[in-house]
Amino acid sequence: MDEMEKQDKQDITALLKYHFGFDKFKGNQKAIIENVLVGNDTFVLMPTGGGKSLCYQLPALILEGTAIIISPLIALMKNQVDAMRSFSEKDGVAHFINSSLNRAAIDQVKQDILTGHTKLLYVAPESLTKEENIEFLRQVQISFYAVDEAHCISEWGHDFRPEYRRIRPIINEIGKRPLIALTATATPKVQHDIQKNLGMMEAAVFKSSFNRSNLYYEVRPKGNDIHRDIIKYIKANESKSGIIYCLSRKKVEEFADILCANGIKALPYHAGMDSQIRSDNQDAFLMEEVDVIVATIAFGMGIDKPDVRYVIHYDIPKSLEGYYQETGRSGRDGGEGQCIAFYSSKDLHRLEKFLQGKPVVEQEIGKQLLLETAAYAETAVCRRKVLLHYFGEEYGEDNCGNCDNCLNPKHLIEAKELLSTILETIDTLKEKYKTEYIVNFLMGVETADILSYKHNEFELFGSGQDDGEKIWNAVIRQAQIAGFLAKDIENYGLLKIMPKGRSFMKNPVSFKIVKDNEFEEDENPDTSTRSGGSFAVDPALFSIMKDLRKKLSKQLKVPPFVIFQDPSLEAMATNYPIRIEELQNIPGVGAGKAKRYGSEFVAIIKKYVEENEIERPEDLRVRTVANKSRLKVWIVQSIDRKVALDDIAVSKGLDFNELLNEIETIVYSGTRINIDYFINEAMDEDHVQDIYDYFKESETDDLETAINELGSDYTEDEIRLIRVKFLSEMAN
């Protein structure tokens with residue numbers, strides 16, 4: 001360190017050239033490294049491709065001792081260590097300790113560290129907390145600690161890891177040294193969270209611009225032709241490298257197969273694959289043996305492939321940080337980078353459902369992040385402007401010329417009066433509420449909160465009904481970008497009026513906005529939210545029941561809606577209740593109504609079902625399962641909608657074995673389900689027939705007996721799936 005202090009700044013550049021072969025630093029790198037070298041805590045916010053790693057690699061090589069680099073992924077550590085070794089004569093210069101190493105390998109790593117050969121030691125936070133590692137690191141001369149991918153600390157970050165929260169106490173236990181935290185994505189809220197948790201509020205902050213001017217951003221509606229659209233795009237960009245992100249592992253494998261079938265060289269990548277296959281697939285992409293990787297978000301952290309020319313999001317991500325990080329893997333060499341996301345509001349509803357069952361705080365955070373993603377997808381404002389604003393950066397241009405909204409600008413509308421109403425409302429409600437609450441208030445929606453605070457009695461309540469929810473959301477969002485409003489960092493989401501907004505309230509001026517994009521729903525909209533069913537309404541039965549309702553209304557001299565309202569008839573024409581007990585479970589019916597008016601309806605439905613040989617989607621479900629377990633109802637409904645079983649398991653946090661247990665309970669209770677759609681996709685036709693024939697001839701359905709009789713050609717999962725099919729068809 002003393003020698004280093006004697007060297008002038010030019011020598012740091014010379015050391016850069018000596019160790020890494022670069023002639024000059026990029027962006028803030030030099031200032032960051034100088035700050036680390038003098039022993040100060042340092043916070044680095046630098047987009048993907050900006051050269052984050054060098055900010056701790058060079059100081060680690062210069063300073064006495066070993067730098068401890070805390071990193072979240074084993075694959076990432078391996079890449080970083082391999083990269084460092086390629087710059088050095090000795091392999092011992094960089095090591096990692098994680099669960100992939102055996103005892104002998106760990107002993108070798110420790111030996112290299114104690115003899116002073118190792119300048120960088122990469123550890124996962126889980127390894128850092130092990131008592132034996134803490135004891136060992138107490139003996140080591142540590143130059144500094146670096147926390148890479150530091151956004152993992154924050155629950156508001158896109159890749160939250162609870163074990164990251166324990167880093168500061170462990171560092172205190174091992175021995176305090178300077179700390180450098182690095183991340184490629186952090187909103188002001190996440191940055192504050194990281195610094196607070198790591199006890200580095202006084203750290204020097206180095207923030208690079210998030211603007212990647214070479215990246216083109218586009219959001220397209222996600223329709224039934226998405227496969228054709230993506231294949232067409234890839235073929236138009238033949239031999240270019242691309243990444244396609246999907247949210248589920250099943251979809252990753254499915255879509256990679258579809259691409260291959262269409263003559264595209266593609267491979268899947270997700271955390272559930274065998275690690276060797278995953279590693280081979282990643283290498284095949286890096287070595288340009290394949291053009292496309294179809295992946296979950298597990299792919300890409302720290303993957304330094306400079307010439308990825310497009311990133312396609314098959315599913316919209318759970319957060320804008322995730323989206324930014326994933327799109328940031330394209331065009332890292334400064335060349336072309338096309339970022340295309342397919343968006344449907346249905347995907348967001350699905351993601352929101354996945355939050356159910358999680359702790360309330362986690363649900364609230366997840367919901368806020370999804371709202372930000374929806375806002376980005378639906379906006380008609382410059383996407384670059386919206387994205388940079390989200391990360392706390394102001395983008396001065398009105399038209400970036402490199403996103404779909406700027407290349408096809410929308411018509412501006414005057415929103416001076418609308419903004420005045422928004423500001424007045426937020427002020428009246430004492431700046432204590434989020435966007436959703438403010439919009440509900442203006443739309444006159446009597447939510448439980450609004451009623452409990454008696455805000456429905458305020459003069460402004462319901463004053464914005466004529467303008468519509470979409471417009472109010474657009475005004476609030478664009479008022480934030482323009483600096484009239486901001487979200488409170490400590491209480492994420494609470495809208496605060498900025499000084500510029502206060503000035504506007506005193507002296508309103510012209511404020512023009514663009515209307516949000518309209519995203520059409522799929523051709524077959526989900527009727528379940530209206531009717532409580534999971535299939536489309538049967539139009540013929542619906543018409544028959546409307547006629548019956550009309551006839552009864554004349555007989556009883558009451559209006560038709562008194563008997564049953566339309567949503568109730570829609571639910572009946574979806575679920576086909578053929579008994580009074582089933583009718584009682586239809587939304588808007590209840591026991592009294594079912595007994596008073598129901599007998600003629602169930603009789604007509606029963607006749608219709610028999611005449612048309614209809615296999616009812618809800619058969620026995622409501623009666624036998626609904627009151628016992630919401631999870632079981634949800635599973636049956638998902639199977640009715642032909643959702644892949646492994647996707648059902650993932651969405652409820654079950655492993656496949658646990659899901660099969662639940663399905664078996666459902667079938668044994670007498671409920672008939674049809675999983676043929678999954679079996680046909682997942683199993684060999686001959687295997688299906690062999691196992692089915694076995695159960696037809698067997699005197700027992702015992703699993704162990706079946707496994708012994710059938711032999712090792714058939715897996716336990718296959719046998720269980722066919723047993724479910726057999727029992728459902730033969731016993732129920």
**Residue pairs fulfilling salt bridge (charged side-chain N to carboxylate O under 4.0 Å, His left out) with at least one residue in residues 453-479, sequence neighbours excluded** = E378-K470, R477-D516
**Prompt:** If you measure only the distance, is there a donor-acceptor pair under 3.5 Å linking the side chains of R720 and N661?
**Reply:** yes
**Item:** Test side chain to side chain contact (heavy atoms under 4.5 Å, CB included) applied to D690 - qualifying residues, sequence neighbours left out
**Value:** Y714
**Message:** Take a 6.0 Å sphere around NZ of K318 and say whether it holds more than 12 heavy atoms from other residues, nucleotides or ligands.
**Reply:** no
Tell me which donor-acceptor pairs under 3.5 Å the side chains of residues 408-423 have, and how far apart each pair is, sequence neighbours excluded?
residue	atom	partner	partner atom	Å
N408	ND2	D404	O	3.4
K410	NZ	N408	O	3.3
K410	NZ	N517	OD1	3.4
E414	OE1	S510	OG	2.7
E414	OE2	K416	N	3.1
E414	OE2	F511	N	2.9
S420	OG	K416	O	3.0
T421	OG1	E417	O	3.0

**Prompt:** Are K222 and D347 close enough, and set up right, to give a salt bridge (charged side-chain N to carboxylate O under 4.0 Å, His left out), and what steps lead you there?
**Reply:** CA-CA 9 Å; K222 184 177 181 179; D347 282 355; 2.8 Å; yes
**Message:** Under the salt bridge (charged side-chain N to carboxylate O under 4.0 Å, His left out) definition, can you give me all pairs with a residue in residues 673-686, not counting sequence neighbours?
**Reply:** D676-K725
**Message:** Using 30° and 60° as the class boundaries, would you call the ring planes of Y245 and H313 parallel, tilted or perpendicular?
**Reply:** parallel
**Item:** Y437 and Y433 aromatic ring geometry - parallel, tilted or perpendicular at 30°/60° bounds
**Value:** parallel
**Request:** Quick one: list whatever passes salt bridge (charged side-chain N to carboxylate O under 4.0 Å, His left out) with E611, sequence neighbours left out.
**Result:** K607
**Asked** How would you list, by chain and number, every residue that makes a salt bridge (charged side-chain N to carboxylate O under 4.0 Å, His left out) with D646, sequence neighbours excluded?
**Response** none
**Request:** Let me see the working for Y390 and Y376 under ring-ring contact (aromatic ring centres under 6.0 Å, His included), right down to the final yes or no.
**Result:** CA-CA 9 Å; Y390 181 75; Y376 171 80; 9.2 Å; no
